[in-house]
Asker: 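For reference, the structure I am asking about is given below.
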Amino acid sequence: MAPDLLGLVLEHETADGLVAVTLSEVEAYAGSIDPASHSFRGRTGRNAVMFGPPGHAYVYFTYGMHFCANVVCSPPGVATGILLRAGRVVVGEELARGRRRFDSVRSPRDLARGPARLCQAMAINRSQDGEDLLDPASKLRLRGAVGDERAAEPAQIEAGPRVGVSQAADIPWRFWLAGDPTVSPYRRAVPRRRTSKTSVAPPVPE
DNA sequence: CCTGTGATTTTCT
DNA sequence: GAAAATCACAGGC
């Protein structure tokens with residue numbers, strides 16, 4: 001399932017050219033049984049694609065500035081998604097570098113190291129939401145369909161807790177290629193403090 | 001290496 | 001209104 005995506009190639013063809021990455025890190029989200037999944041509380045306008053057929057892209061916007069991409073991985077009516085967390089750029093490195101907002105990208109390995117970085121490097125946004133990744137005619141597509149010859153040997157795959165989720169944080173549904181430098185560093189979710197402006201806590205008289 | 005924190009806006013309660 | 005499947009940066013080890 002989720003680990004089968006590791007080693008596959010994701011391509012995005014735009015007017016600027018082609019960027020392709022080899023997937024090195026993914027995370028599974030299990031719909032109605034997973035409190036961390038966007039589809040846990042049912043269908044909404046945002047997550048509608050997850051309830052559709054498998055092999056399509058579910059792209060969402062978060063934290064006020066980032067996009068993240070998933071592959072729908074269940075039959076219509078069941079909403080599971082696999083978050084594409086990281087990859088290694090194998091085609092279009094210069095193009096990918098130019099798309100990154102910050103010029104602090106020091107090495108090629110950082111170009112798509114992290115789900116929002118991956119989308120930035122590949123110019124993925126809400127307009128790719130719902131695109132059929134298994135159709136070779138799509139601009140955004142996966143090369144080597146799931147179920148084809150194994151892309152990565154099972155021995156190369158490691159698993160661990162998911163990154164940045166506040167619910168069900170300890171379920172090991174994150175998978176990556178062992179030793180691959182493009183795998184993102186693990187960070188546990190930290191409880192967000194309110195943005196300093198509207199401080200809710202009045203001074204306690206003492 | 002690790003930890004904490006500000007940025008910024010869509011989405012849902 | 002508040003949270004959010006994140007990132008970049010600063011600072012300590």
Asker: Is A:Glu25 paired with A:Arg174 through a side-chain N to carboxylate O contact shorter than 4.0 Å?
Answerer: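 Looking at A:Arg174 and A:Glu25, the cut-off is met.
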Asker: Rounded to whole Å, how long is the line connecting atom CG of A:Asn125 with atom P of B:dT9?
Answerer: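 Rounded to the whole Å, the gap is 16 Å.
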Asker: When the distance from CZ of A:Arg113 to P of C:dA5 is rounded to whole Å, what number comes out?
Answerer: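 It works out to 21 Å between those atoms.
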Asker: Does the structure place the NZ or CZ of A:Arg162 under 6.0 Å from the centre of the six-membered ring of A:Tyr29, at an angle of no more than 45° from the ring's axis?
Answerer: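 Relative to the ring axis of A:Tyr29, which defines the angle, A:Arg162 lies inside both limits.
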Asker: Do we see A:Tyr29 stacking on the base of C:dA5, given a limit of 5.5 Å between centres and 30° between planes?
Answerer: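 The base of C:dA5 is stacked with A:Tyr29 (centres under 5.5 Å, planes under 30°).
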Asker: Expressed in angstrom and rounded to an integer, what is the separation of A:Ile124 atom CD1 from C:dT6 atom C1'?
Answerer: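 Nearest whole value for this atom pair: 15 Å.
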Asker: Between B:dT11 atom C1' and A:Phe67 atom CZ, what is the distance in whole Å?
Answerer: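 Taking atom C1' of B:dT11 as the reference, CZ of A:Phe67 is at 13 Å.
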Asker: Using atom CE of A:Met65 as one end and atom P of C:dA3 as the other, report the distance to the nearest whole Å.
Answerer: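 Taking CE of A:Met65 and P of C:dA3, I get 16 Å after rounding.
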Asker: Nearest 0.5 angstrom please: A:Ser138 OG to A:His56 NE2, how far?
Answerer: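 Reported to 0.5 Å precision, the distance equals 8.0 Å.
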Asker: Counting side-chain heavy atoms from CB outward, which of C:dA5, B:dC12, C:dC7 is closest to A:Ser37?
Answerer: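 Of C:dA5, B:dC12, C:dC7, C:dA5 is nearest to the side chain of A:Ser37.
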Asker: If you look at every strand shown and take non-hydrogen atoms under 4.0 Å, does A:Arg41 touch a base, only sugar-phosphate, or nothing?
Answerer: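 Sugar-phosphate contact only - A:Arg41 comes under 4.0 Å of backbone atoms but never of a base.
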Asker: Looking across every strand, which nucleic acid part, if any, lies under 4.0 Å from A:Tyr63 by heavy atom: base, sugar-phosphate, or nothing?
Answerer: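 Since a base atom lies under 4.0 Å of A:Tyr63, the category is base.
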Asker: With a 4.0 Å cut-off on heavy atoms, is A:Ala116 in touch with a base, just the backbone sugar-phosphate, or nothing at all?
Answerer: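 Sugar-phosphate, backbone atoms only, no base.
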Asker: Expressed in angstrom and rounded to an integer, what is the separation of A:Gln120 atom CD from C:dA5 atom C1'?
Answerer: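 Nearest whole value for this atom pair: 17 Å.
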Asker: Side-chain N or O of A:His66 less than 4.0 angstrom from OP1 or OP2 on C:dC7?
Answerer: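 For C:dC7, OP1/OP2 do not have a side-chain N/O of A:His66 under 4.0 Å.
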Asker: Measuring to OP1 and OP2 of B:dT10, would you say a side-chain N or O of A:Arg126 lies under 4.0 angstrom away?
Answerer: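 For B:dT10, OP1/OP2 do not have a side-chain N/O of A:Arg126 under 4.0 Å.
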Asker: Which nucleotide sits closest to the side chain of A:Phe61: C:dA5, B:dT9, C:dA8?
Answerer: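 Taking heavy atoms from C-beta onward, the closest nucleotide is B:dT9.
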Asker: Is any side-chain nitrogen or oxygen of A:Thr62 closer than 4.0 Å to OP1 or OP2 of B:dT10?
Answerer: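 No.
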Asker: Quick one: do A:Glu13 and A:Arg141 make a salt bridge, cutoff under 4.0 Å?
Answerer: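 Salt bridge: yes.
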Asker: Let me know the distance between OH of A:Tyr60 and P of B:dT9, rounded to the nearest Å.
Answerer: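 Distance check: A:Tyr60 OH to B:dT9 P gives 18 Å.
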Asker: With both distances under 3.5 angstrom, what nucleotide forms a Watson-Crick or G-U wobble pair with C:dA10?
Answerer: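 The base-pairing partner of C:dA10, which may sit in any strand shown, is B:dT3.
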Asker: Between A:Asn47 and A:Val190, which is nearer to the 5' end of DNA chain B once each is assigned its nearest nucleotide?
Answerer: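 Nearer the 5' end of the strand: A:Val190.
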Asker: Start at the 5' end of DNA chain C and walk down; is the nucleotide closest to A:Ser166 or to A:Pro115 reached first?
Answerer: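 Closer to the 5' end of DNA chain C: A:Ser166.
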Asker: For A:Phe61 together with A:His66, are the ring centres under 6.0 Å from each other?
Answerer: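 Centroid separation for A:His66 and A:Phe61: 6.0 Å or greater.
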Asker: Taking any heavy-atom pair under 4.0 Å as a contact, classify A:Gly81: base, sugar-phosphate, or nothing.
Answerer: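 No contact.
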Asker: Drop me the distance from A:Leu118's CG to A:Leu111's CG, to the nearest 0.5 angstrom.
Answerer: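 These two atoms lie 10.0 Å from each other.
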Asker: Whole angstrom is fine here: how far is it from NE2 in A:His38 over to P in B:dT10?
Answerer: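 Going from A:His38 (NE2) to B:dT10 (P), I get 15 Å.
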Asker: Is the distance from OP1 or OP2 of B:dC2 to the nearest side-chain N or O of A:Arg187 less than 4.0 Å?
Answerer: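 Answer no for this pair, as no side-chain N or O of A:Arg187 is under 4.0 Å from OP1 or OP2.
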